[in-house]
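Please read all numbers here as calculations on a predicted model, not as lab measurements. Letters A, B, ... mirror the listed sequences (proteins, then strands); counts begin at 1.
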Amino acid sequence: SQQGEEDPQALSIQEGENATMNCSYKTSINNLQWYRQNSGRGLVHLILIRSNEREKHSGRLRVTLDTSKKSSSLLITASRAADTASYFCAPGAGGGNKLTFGTGTQLKVEL
Amino acid sequence: ETGVTQTPRHLVMGMTNKKSLKCEQHLGHNAMYWYKQSAKKPLELMFVYSLEERVENNSVPSRFSPECPNSSHLFLHLHTLQPEDSALYLCASSQELQGLGRGPLHFGNGTRLTVT
């Protein structure tokens, strides 16, 4: 298994702005997932992108995947205060039982 | 998200106590997981169960003892813990083992454990 590394560690923006978070990983993957965690709560799955996909949308979320650079990005458009949370990426590789997470990006959306 | 329920939400225990954390999933999933989340550290995968069989034990100290009596329930038995074991303990489930890449993990809201 491998752990994704999220960047930046912390991000503070104003409501209505876009937020971009990045994820890098080291070895080949089958898919990559993004999760959100509100303070003191469990992680919530946001979106899964497969290794043969380059971009995926879900509502205000846009995820890109560049397997040649071993990186992914999560874009949240028109952010809201309710988007304040930590965001984690989880690279998924076949053959293992583990889905591991990094330390996440802490996003704060201010009014 | 109410598909995975963890109890208790908060637990304070002394180093000599014995306690158990409980996790129940109502999603009909076949795999269940325990994760530990400490401040400013990556989530640590502790244990993985598939169809009630432990398939992963991530070098976790023996003071943590998991139990999976059926595919809907997962326990983490705790004894003689250390203060550094204080953390948020998260339970998760998935339809299949994550290595098969078939869909997401569903997490509970965790148990905040404080060891005094």
ask   = Using non-hydrogen atoms only, which part of B/Leu90 is less than 4.5 Å away from chain A: side chain, backbone, both, or neither?
value = side chain
ask   = How far apart are the closest heavy atoms of A/Gly40 and B/Arg9, and which atoms are they?
value = O-NH2, 3.5 Å
query = With a 4.5 Å heavy-atom cut-off, do A/Thr103 and B/Leu43 have their side chains touching?
reply = no
inquiry  = More than 12 heavy atoms of other residues, nucleotides or ligands under 6.0 Å from NZ of B/Lys19: yes or no?
reply    = no
query = Is the side chain of A/Tyr35 donor-acceptor paired with the backbone N or O of B/Leu105 at a distance under 3.5 Å, no angle test?
reply = yes
inquiry  = Just verifying a value: how many Å separate B/Glu44 CD and A/Phe101 CZ, rounded to the nearest 0.5 Å?
reply    = 13.5 Å
inquiry  = Which atoms of B/Gln6 are under 4.5 Å from chain A, going by heavy atoms: the side chain, the backbone, both sets, or neither?
reply    = neither
message = Please tell me whether B/Phe75 and B/Tyr33 are part of a single hydrophobic cluster in this structure, the criterion being side-chain heavy atoms less than 4.5 Å apart.
response = no
query = Looking only at heavy atoms, which two atoms of A/Gln33 and B/Pro104 are closest? And how far apart?
reply = OE1-CA, 3.5 Å
ask   = Side chain, backbone, both or neither: which part of A/Gln37 has an atom under 4.5 Å from a heavy atom of chain B?
value = side chain
Other residues, nucleotides, ligands: >12 heavy atoms within 6.0 Å of B/Arg54 CZ = yes
ask   = Would B/Met46 and B/Phe107 show up in the same hydrophobic cluster when neighbours are defined by side-chain heavy atoms closer than 4.5 Å?
value = no
inquiry  = Is there a path of hydrophobic side-chain contacts, each under 4.5 Å between heavy atoms of I/L/V/M/F/W/Y residues, joining B/Val60 to B/Val48?
reply    = no
request  = For atom CD of B/Gln82, decide whether the heavy atoms of other residues, nucleotides or ligands shown that lie under 6.0 angstrom number more than 12.
outcome  = yes
request  = For B/Glu52, look at atom CD and say whether over 12 heavy atoms of other residues, nucleotides or ligands are found less than 6.0 Å away.
outcome  = yes
ask   = Distance-only, no hydrogens or angles: does the B/Asn109 side chain make a donor-acceptor pair with backbone N or O of A/Arg41 under 3.5 Å?
value = no
